[in-house]
S.K.: 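Could you have a look at this structure, given as structure tokens, before my questions?
Below, each value reflects all heavy atoms present in this structure, side chains not excepted, and no hydrogens, waters or symmetry copies. We name chains A, B, ... by the order of the sequence lines, and we start the count at 1 in each one.
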Amino acid sequence: MKKTFTKTFTQRVRDVVRKIPKGKVLSYKEVAKKAGSPNASQAVGSIMSKNYDKTIPCHRVIRSDGKAGRYNRGGIRVKRGLLISEGYYFK
DNA sequence: TAGTTGACCGGAA
DNA sequence: ATTCCGGCCAACT
């Protein structure tokens with residue numbers, strides 16, 4: 001029997017993103033889905049924008065159309081550089 | 001309680 | 001390819 005969600009959506013999103021392995025990326029939509037709200041991709045982005053925890057690889061979260069999206073720790077250019085250096089090929 | 005905001009998504013022009 | 005618009009959802013005020 002599954003436990004009811006006690007934590008906020010924010011906490012679950014952070015847990016999901018923290019588990020993303022190196023060299024892999026998830027779209028905001030995928031993260032939202034794993035966090036329990038398939039259509040809350042907008043909320044996921046909003047959450048990440050306020051999250052400054054370096055234990056969370058927020059640069060591994062990209063847009064579902066294959067573009068990078070935004071980044072609060074250096075800019076989208078840095079974000080793409082990080083992903084490429086981790087083995088992810090960008091469009 | 002209601003209104004505003006925003007690292008999005010997908011389709012249309 | 002780029003811009004615009006409506007929809008969706010959680011957090012904040």
S.K.: From the list C:dA11, C:dC9, B:dA7, which nucleotide is the closest neighbour of the side chain of A:C58?
M.R.: B:dA7
S.K.: What is the distance from CG of A:N72 to P of B:dG6, rounded to the nearest Å?
M.R.: 14 Å
S.K.: If you assign A:S46 and A:D65 each to the DNA chain B nucleotide with the nearest heavy atom, which residue ends up on the more 5' nucleotide?
M.R.: A:S46
S.K.: For A:Q42 and C:dC8, what is the distance between atoms CD and P respectively, to the nearest whole Å?
M.R.: 13 Å
S.K.: Would one find a side-chain N or O of A:T8 under 4.0 angstrom from OP1 or OP2 of C:dA11?
M.R.: yes
S.K.: Give the rounded distance in Å between these two atoms: NZ of A:K7 and C1' of C:dA11.
M.R.: 17 Å
S.K.: Below the 4.0 Å mark, does C:dA11 have OP1 or OP2 next to a side-chain nitrogen or oxygen of A:T10?
M.R.: yes
S.K.: DNA chain C: A:K67 or A:K50, which has the more 5' nearest nucleotide?
M.R.: A:K67
S.K.: Group every Ile, Leu, Val, Met, Phe, Trp and Tyr by side-chain heavy-atom contacts under 4.5 Å, then state whether A:I56 and A:Y28 land in the same group.
M.R.: yes
S.K.: CD of A:E86 to NZ of A:K22: how many Å apart, nearest 0.5 Å?
M.R.: 6.5 Å
S.K.: What is the nucleic acid contact for A:A43, judged by heavy atoms within less than 4.0 Å: base, sugar-phosphate only, or nothing?
M.R.: base
S.K.: How long is the span from the CG atom in A:L83 to the CZ atom in A:F90, to the nearest 0.5 Å?
M.R.: 5.0 Å
S.K.: From CZ of A:R70 over to C1' of B:dA7, roughly how many Å is that when rounded to an integer?
M.R.: 6 Å
S.K.: Take the protein atom NZ of A:K91 and the nucleotide atom P of C:dT2, then report the distance between them rounded to whole Å.
M.R.: 12 Å
S.K.: Do A:D15 and A:R18 meet the salt-bridge criterion of a basic N to acidic O distance under 4.0 Å?
M.R.: yes
S.K.: Atom NZ of A:K29 to atom C1' of C:dC8: distance rounded to whole Å?
M.R.: 12 Å
S.K.: Can you establish whether the number of heavy atoms outside A:R12 located under 6.0 Å from its atom CZ is more than 12?
M.R.: yes
S.K.: From NZ of A:K33 over to P of B:dG10, roughly how many Å is that when rounded to an integer?
M.R.: 11 Å
S.K.: Within this structure, what is the OH-to-C1' distance between A:Y28 and B:dC9, rounded to whole angstrom?
M.R.: 12 Å
S.K.: For a quick test of reading the model: is some side-chain N or O of A:S64 closer than 4.0 Å to OP1 or OP2 of B:dC9?
M.R.: yes
S.K.: Please confirm whether the shortest side-chain N or O distance from A:R63 to OP1 or OP2 of B:dC9 is below 4.0 Å.
M.R.: yes
